[in-house]
Q: 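Mind having a look at this structure? Questions to follow.
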Amino acid sequence: MASSARADELVDHTTKAALEEKAKLQKHFGRFDIFFFLICTLVGLDTLGAVSNDGAQAFTWLVFLGVFFFVPYALLASELGSSFTEEGGAYIWVKLAFGRFTAAINSVLYWLSNPIWLGGTLTILAVTTFGDFFTPLTGIWKYLFSLAFIWFAVWAAILSFGVGKWIPTIGAFVRIAVLGGFTLTVVLYALDHGVHGVSTGDFKPTWGIFIAAVPVLFFNFVGFELPNAAGDEMKDPQKDVPFTVLRATIGTLLLYGGPILAILLVLPTSQITSLGGFLDAMKTVFTVYGGHIETAADGTVTATLTGAGKVLGDLAAIAFILALLSSGTTWIMGADRAQAVAGFDGAAPRWFGVFSKRWGTPIVVNILSGVFSTIVMFLAYALTSGSAGKYFTVVLSLAISTTTLAYVLVFPALIKLRYTHAHVPRPYRVPGGMAGAWIVSILTTGWAALATVALLYPGFGTAHPDDSLPEGFEHARGAFERSQFIPLAVLLGIGVLFYWSGRKTRAEQVDLSLIPEAPPTIA
């Protein structure tokens, strides 16, 4: 006998403010847009050096996580994204599964990790790239460039999705051009000069490299749920989400695997750094078009570009900066929407949830993201005394840790909602029935938890954990741990404060149907 749905199973208990703000949303997001939005979200160029820094094993673990994390994650996101299609994406999934209070705190981690990433990691890498290929940015010019970089991303996020969505789309094409061109150039370089070479034994997995690589690889692979932050702006999420997620999985694996393997073939492992690995490899291989290479006694390779090599190298550098910019823009567009939904749902200050009548975008949260990114940028330059590499490590670690913590609650939502919201129509289901859902949930949640622990305590499970501390923190575990746990504690406190501030908004409750065709009812 078929069971009947509970009275509250097919509705989302939200607020009157939600009706007011959702009326401003505009449906601009089609299948074409979602696919390239996902490519721009998933394929981040800022971590290619950090992954390659772990040597040939990084490629081994890239493939391993691709099979045992990325594919299950794609299946999970396809089901949740096509079944629970409200604006807010991951915030809504966590709320329906674990309650509004939990979702309020989780949303802060998910949201603020992106301004930290934009103002720190992406900005530093953009400044470094400009300095390496054009002219070093010092003094006021460094700050002006950084401000322009941050606030262009914010401006693009403020634009209507009908216009702003083209930034991720262009960014996706730029990624394909940069990574495809780089990989092709490695082949030409190998034909002319040979390669550094890695032996089969170099790919043999070890625990030490595994525990170091997991957090960065996890960070590389997340983002499938981001388009659903604009769920009510999608034209047909029930069909388009599974279609685009499963195809973006293949594209992402190809776009990551080729360049990382190419970096390992071109540069000696000792020369690959988190900050400059991809840039150094790009300069080296572009000498096939014009330039020369000098190899020092210790094996360090220094490349100088001339003629056509210099022109193509400069164009690639500009494209690289644009790709970084589109990464920041895309994540700000998605994560800001999730936090804005928390605002009008009573899980954050009400004014967080204000959408522009003209553009249909969460302009208040967008501006706050820009302000927070700017503060992070100024702190970066003020506190590190020019130590870009050390700060890059700190900010990347913090951006990843806040992200991994957020996913510890996003992933189990799949199995929880299979039980609590069993009668919500699911256009796509994870294969294998409940057993398949349990396997996917356990795998993805386990990876998120492991990545969090490995990041917050580098060297976890190794004989000499202090040997695994990031560059710039050798023999300084206390300083590194403080750089992670203090900001995380502050962010958790902000989440609690946000939930408390939304009490008046929550008092005006509205029930929204989880089946799109049914009209909302005001309690």
Q: Assess whether side chain to side chain contact (heavy atoms under 4.5 Å, CB included) is satisfied between Ser78 and Leu246, documenting all intermediate values.
A: CA-CA 8 Å; Ser78 294; Leu246 297 178; 4.0 Å; yes

Q: Is the backbone N or O of Leu443 less than 3.5 Å from a side-chain atom of Tyr73, with the two atoms forming a donor-acceptor pair by type?
A: no

Q: Looking only at heavy atoms, what is the nearest atom pair of Ala338 and Gly88, with distance?
A: CB-O, 3.6 Å

Q: Restricting to non-hydrogen atoms, name the atom on Leu38 and the atom on Gly223 that form the minimum distance, rounded to 0.1 Å.
A: CD2-O, 3.7 Å

Q: With heavy-atom distances below 4.5 Å as the criterion, would you say the side chains of Ile167 and Thr330 are in contact?
A: no

Q: Taking all non-hydrogen atoms of both residues into account, name the closest pair between Ala157 and Ile332 and its distance.
A: CB-CG2, 3.7 Å

Q: Give every donor-acceptor pair under 3.5 Å between a side-chain atom in residues 304-321 and any protein atom, sequence neighbours left out.
A:
{"residue": "Thr306", "atom": "OG1", "partner": "Gly291", "partner atom": "N", "Å": "3.2"}
{"residue": "Lys310", "atom": "NZ", "partner": "Phe133", "partner atom": "O", "Å": "2.8"}
{"residue": "Lys310", "atom": "NZ", "partner": "Asp314", "partner atom": "OD1", "Å": "3.4"}

Q: Taking the six-membered ring for Trp and the full ring for Phe, Tyr or His, determine whether the centres of Tyr110 and Tyr91 are under 6.0 Å apart.
A: no

Q: Treating Thr249 as the side-chain partner and Val245 as the backbone partner, does any N or O pair qualify as donor plus acceptor under 3.5 Å?
A: yes

Q: Do Tyr407 and Thr444 have side-chain N/O donor and acceptor atoms under 3.5 Å apart?
A: no

Q: Side-chain contact test, heavy atoms from C-beta onward, threshold under 4.5 Å: evaluate it for Phe64 versus Leu217 and give yes or no.
A: no

Q: Closer than 3.5 angstrom, by distance alone: can the side chain of Asp33 be matched with the main-chain N or O of Gly30 as a donor-acceptor pair?
A: yes

Q: Less than 4.5 Å apart, any side-chain heavy atom of Leu455 and any of Phe218?
A: no

Q: Drop me the distance from Phe70's CZ to Leu62's CG, to the nearest 0.5 angstrom.
A: 9.5 Å

Q: For the residue pair Trp151 / Ser373, report whether a side-chain donor-acceptor contact shorter than 3.5 Å exists.
A: no

Q: Throw together a table of side-chain donor-acceptor distances under 3.5 angstrom for residues 175-182, partners on residues two or more places apart or in other chains.
A:
{"residue": "Arg175", "atom": "NE", "partner": "Val43", "partner atom": "O", "Å": "2.4"}
{"residue": "Arg175", "atom": "NH1", "partner": "Gly171", "partner atom": "O", "Å": "3.1"}
{"residue": "Arg175", "atom": "NH1", "partner": "Ala323", "partner atom": "O", "Å": "3.4"}
{"residue": "Arg175", "atom": "NH1", "partner": "Ser326", "partner atom": "OG", "Å": "2.7"}
{"residue": "Arg175", "atom": "NH2", "partner": "Cys40", "partner atom": "O", "Å": "3.2"}
{"residue": "Arg175", "atom": "NH2", "partner": "Val43", "partner atom": "O", "Å": "3.4"}
{"residue": "Arg175", "atom": "NH2", "partner": "Ala323", "partner atom": "O", "Å": "3.0"}
{"residue": "Arg175", "atom": "NH2", "partner": "Ser327", "partner atom": "OG", "Å": "2.1"}

Q: Just how far is it from atom CZ of Phe219 to atom OG1 of Thr403, taken to the nearest 0.5 Å?
A: 5.0 Å

Q: Mind telling me whether Trp207 and Phe460 have parallel, tilted or perpendicular rings, with 30° and 60° as the class edges?
A: tilted

Q: Where is the tightest heavy-atom contact between Gly66 and Leu253, given as atom of each residue plus distance?
A: CA-CD2, 4.0 Å

Q: Can you find a heavy atom in the side chain of Leu488 that is under 4.5 Å from one in the side chain of Leu456?
A: yes

Q: Apply side chain to side chain contact (heavy atoms under 4.5 Å, CB included) to the pair Ile170 and Phe173, showing each step before the final yes or no.
A: CA-CA 5 Å; Ile170 293 171; Phe173 281 109; 5.8 Å; no

Q: Using side-chain heavy atoms (C-beta onward) and a distance below 4.5 Å, is Phe224 in contact with Leu42?
A: yes

Q: Is the backbone of Phe68 close enough, under 3.5 Å, to the side chain of Trp447 for a donor and an acceptor to pair up by distance?
A: yes

Q: Output yes when a side-chain donor or acceptor of Arg477 lies under 3.5 Å from a complementary backbone atom of Pro458, and no otherwise.
A: yes

Q: Which residue pairs satisfy the salt bridge (Lys or Arg N to Asp or Glu O under 4.0 Å) criterion with at least one member in residues 206-231, sequence neighbours excluded?
A: none

Q: Look at the side chain of Asn366 and the backbone N and O of Val154, then say whether any donor-acceptor pair between them is shorter than 3.5 Å.
A: no

Q: Pair Met333, Thr329 - check side chain to side chain contact (heavy atoms under 4.5 Å, CB included), show working.
A: CA-CA 6 Å; Met333 291 172 76; Thr329 299; 3.8 Å; yes

Q: Looking at Lys239, I want to see if its NZ is surrounded by more than 12 non-hydrogen atoms of other residues, nucleotides or ligands under 6.0 Å.
A: no

Q: Hey, could you give me the CD1/OG1 distance between Ile34 and Thr169, rounded to the nearest 0.5 Å?
A: 11.0 Å

Q: Cation-pi check, Arg247 to Phe35: give yes when NZ or CZ is under 6.0 Å from the six-membered ring centre and within 45° of the ring axis, no otherwise.
A: no

Q: Compare every heavy atom of Thr287 with every heavy atom of His292, then report the nearest pair and how far apart it is.
A: O-CG2, 3.8 Å

Q: Can you find a heavy atom in the side chain of Leu450 that is under 4.5 Å from one in the side chain of Ile211?
A: yes

Q: Is Thr244 close to Phe37 at the side-chain level, that is, under 4.5 Å between some pair of heavy atoms?
A: no

Q: Using 30° and 60° as the class limits, which term best fits the ring planes of Trp117 and Trp331: parallel, tilted or perpendicular?
A: perpendicular

Q: Do Trp111 and Val365 have side chains that get closer than 4.5 Å, going by heavy atoms?
A: yes

Q: In Å, rounded to the nearest 0.5 Å, how long is the span from OG1 of Thr183 to CG of Leu188?
A: 11.0 Å

Q: Compare every heavy atom of Ser401 with every heavy atom of Gln484, then report the nearest pair and how far apart it is.
A: OE1-OG, 3.7 Å

Q: Fit a plane to each ring of Phe149 and Phe145, take the angle between them on a 0 to 90° scale, and name the class: parallel (under 30°), tilted (30 to 60°) or perpendicular (over 60°).
A: parallel

Q: Could you go step by step and tell me if Asp240 and Met234 meet the side chain to side chain contact (heavy atoms under 4.5 Å, CB included) rule?
A: CA-CA 9 Å; Asp240 292 345; Met234 291 181 176; over 6 Å; no

Q: Hey, does the side chain of Lys27 reach the backbone of Glu233 with a donor-acceptor pair shorter than 3.5 angstrom?
A: no

